[in-house]
Amino acid sequence: MSSRDQFSTKIGFMLAAAGSAVGLGAIWKFPYMAGSNGGSVFILLFILCIFLISLPVLIAEFMIGRRGQADAVTSFKAQAPGKPWYLVGYLGMVISALILSFYSVVGGWILSYLVRAAMFAVKPAEGATYAELFTKVIENPIEVVVAQGAFILLTILIVQAGIKSGIEKASKIMMPLLFVFFLVLVVRSLTLDGAMEGVRFMFVPDWSLFTGETLLLALGQAFFTLSVGISIMITYASYLGKTENIGGTGINVALMNIFISILAGLVIFPAVFALGFKPDQGPGLVFVILPAVFEQVPFGGVFLLIFFILLLFATITSSISLLEMVVSVAVGENRKKRVRTSWLVGTLIFVIGIPSALSFGVLSNISIFGRSIFDAVDFLTNNIGMPLGALFISIFAGYYYSTKISKEELNTSPIMYYVWLTLIRFVSPVAIIIIFYTGIK
């Protein structure tokens, strides 16, 4: 398959894979999950779960993709001929499309706030609150659909350009800028009076806050934050050369994800504590609390603009991986179809996502099993689709692969190999089943 496009450098692949993982999960969800569930206790459990549960599955996806050198469906067909394992690839394709359909809605909200921040207009009307401003934005049918469309358009423009000219090039620009912007915001947050209270909240454990629910939530966050279970990493690894060390690359991706998550906490919690807010504000931390926080600091409008640029970068690097997963299956090895397929698939996903965009406004009266359309799609993908995909992938790599094949692909020391084999055979599947059960329950 010499005609298959490839990442030109190891760092390009690593930044693209890290970008896929470092999205709303790390910057938006991680801070409010940590803030609502014990701070440092949650963070320690999250890091532990990443290495014991998520990382083995991530490495398994790298194995399958790099060995297959094709999209997820074709990789499974080639490595398990005549068996239904290829359905795991189709599951990943469907779940990726559904995730992007509502993920692009949040991406649209970010674009809306970014435009307001650029005009220094992220401020509610006289007598209103930031929560009411957020409600006003997500209830406006024209604004949310136009913003969602603009976000999908940005994603399509990158994916249709291919691996080297599109995804790798964009990741090499956006990921370093993301780190730089984060460091600027961290410095500003840490220099506020009273900021150290937020640092203590993040790094000094209060074990009285430890509960079984905290462990399960940390487990779920660690699992979803690395984008495992929907064959995205199988797709990315298929563009990787045979000489790359996938175990080391997987560890680097996990470390980058942890680092960004911690930086997100260092941006938010010191500022929240310094200015008298509470850390357990839930999902509104980014859109409701942060604008109120930045309003109270010198040059707050500038720092808020930087934050939303950063959040857009992180969201785009994830959305391009979701679209690439679907496009790669549709295109196969016919690279000439990439541009047309990217536009067709992207447009279809945009249309599918419109009900989710409108589910907080004109379609707010419609519910599916007691959930809004947006929340129902979120539940279907995160609580059912992703755990199922990850379970099948861990079983395939841990049991269907012979030890000869997995040793050859991992290419590491015997000790490290058997640590990975034990985790992928026994620890990860059990944890995934627990996540799946609790998610359904």
Side-chain angles (χ1 to χ4, degrees), residues 17 21 25-26 30 33 37-38 41-67 85 88 91-92 210-234 237 245-258 261 382-441:
F30 175 81
M33 290 292 289
N37 297 283
V41 173
F42 177 89
I43 293 170
L44 286 172
L45 294 173
F46 163 74
I47 294 172
L48 185 65
C49 291
I50 280 233
F51 286 108
L52 293 181
I53 297 154
S54 299
L55 180 56
V57 181
L58 176 67
I59 292 172
E61 290 204 24
F62 283 171
M63 279 185 178
I64 297 167
R66 204 263 301 273
R67 186 172 182 81
W85 284 106
V88 178
L91 174 65
F210 173 79
T211 64
E213 184 181 8
T214 301
L215 176 59
L216 285 175
L217 290 172
L219 182 63
Q221 179 69 13
F223 175 66
F224 296 120
T225 199
L226 285 187
S227 296
V228 293
I230 49 178
S231 301
I232 285 176
M233 297 306 180
I234 292 177
N245 184 321
I246 56 177
T249 301
I251 291 172
N252 287 332
V253 170
L255 288 173
M256 275 194 273
N257 195 278
I258 292 170
S261 297
N382 286 336
N383 294 69
I384 299 176
M386 291 182 76
L388 275 179
L391 180 62
F392 293 139
I393 287 166
S394 63
I395 292 172
F396 183 85
Y399 293 97
Y400 185 83
Y401 266 171
S402 66
T403 54
K404 179 183 177 181
I405 290 176
S406 53
K407 277 182 182 178
E408 178 185 317
E409 287 298 323
L410 193 54
N411 190 24
T412 188
S413 67
I415 293 176
M416 293 303 297
Y417 171 74
Y418 283 108
V419 168
W420 171 83
L421 189 64
T422 300
L423 292 174
I424 200 66
R425 281 185 170 179
F426 305 111
V427 179
S428 293
V430 171
I432 291 166
I433 290 171
I434 291 172
I435 294 172
F436 182 79
Y437 172 76
T438 54
I440 295 296
K441 186 179 179 181

Can you name the nearest heavy-atom pair linking [X] to [Y], along with the distance?
X      : Y      : value
Phe396 : Trp85  : CD1-CD2, 3.4 Å
Gly398 : Leu421 : O-CD1, 4.2 Å
Phe62  : Ala237 : O-CB, 3.5 Å
Leu226 : Met233 : O-CE, 3.7 Å
Met386 : Val228 : CE-O, 3.4 Å
Gly385 : Leu91  : O-CD2, 4.1 Å

From [atom1] ([X]) to [atom2] ([Y]), nearest 0.5 Å:
X      : Y      : atom1 : atom2 : value
Asn37  : Gln221 : CG    : CD    : 10.0 Å
Leu410 : Trp420 : CG    : CH2   : 6.5 Å
Ile64  : Tyr401 : CD1   : OH    : 5.0 Å
Ile435 : Leu388 : CD1   : CG    : 12.0 Å
Ser231 : Ile393 : OG    : CD1   : 4.5 Å
Leu45  : Ile50  : CG    : CD1   : 12.5 Å

Practice prompt. Check for a donor-acceptor pair, side chain of Asn257 on one end and backbone N or O of Thr225 on the other, with a separation under 3.5 Å.
Written response: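 Pair found, side chain donor or acceptor close to backbone of Thr225.
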Fill in: Sidechain-backbone polar pair: Ser402 side chain, Ile405 backbone, donor-acceptor under 3.5 Å
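A pair under 3.5 Å: yes.
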Worksheet item: Yes or no on side chain to side chain contact (heavy atoms under 4.5 Å, CB included) for Leu55 and Ile251, after CA distance, side-chain angles and deciding distance?
Response: CA-CA 7 Å; Leu55 180 56; Ile251 291 172; 3.9 Å; yes
If you define the side chain from C-beta out and look only at heavy atoms, does anything of [X] sit under 4.5 Å from [Y]?
X      : Y      : value
Phe30  : Phe42  : yes
Ile258 : Phe51  : yes
Leu423 : Leu52  : yes
Val88  : Ile234 : no
Ile53  : Val427 : yes
Phe436 : Asn383 : no
Phe210 : Leu44  : no

Discussion item. Would Thr214 and Thr211 count as a side-chain hydrogen bond (donor to acceptor under 3.5 Å, both in side chains) here? Give the steps.
Written reply: CA-CA 5 Å; Thr214 301; Thr211 64; 2.9 Å; yes
Discussion item. Does anything in residues 52-67 form a side-chain hydrogen bond (donor to acceptor under 3.5 Å, both in side chains)? List the pairs, not counting sequence neighbours.
Written reply: Arg66-Glu409, Arg67-Glu409
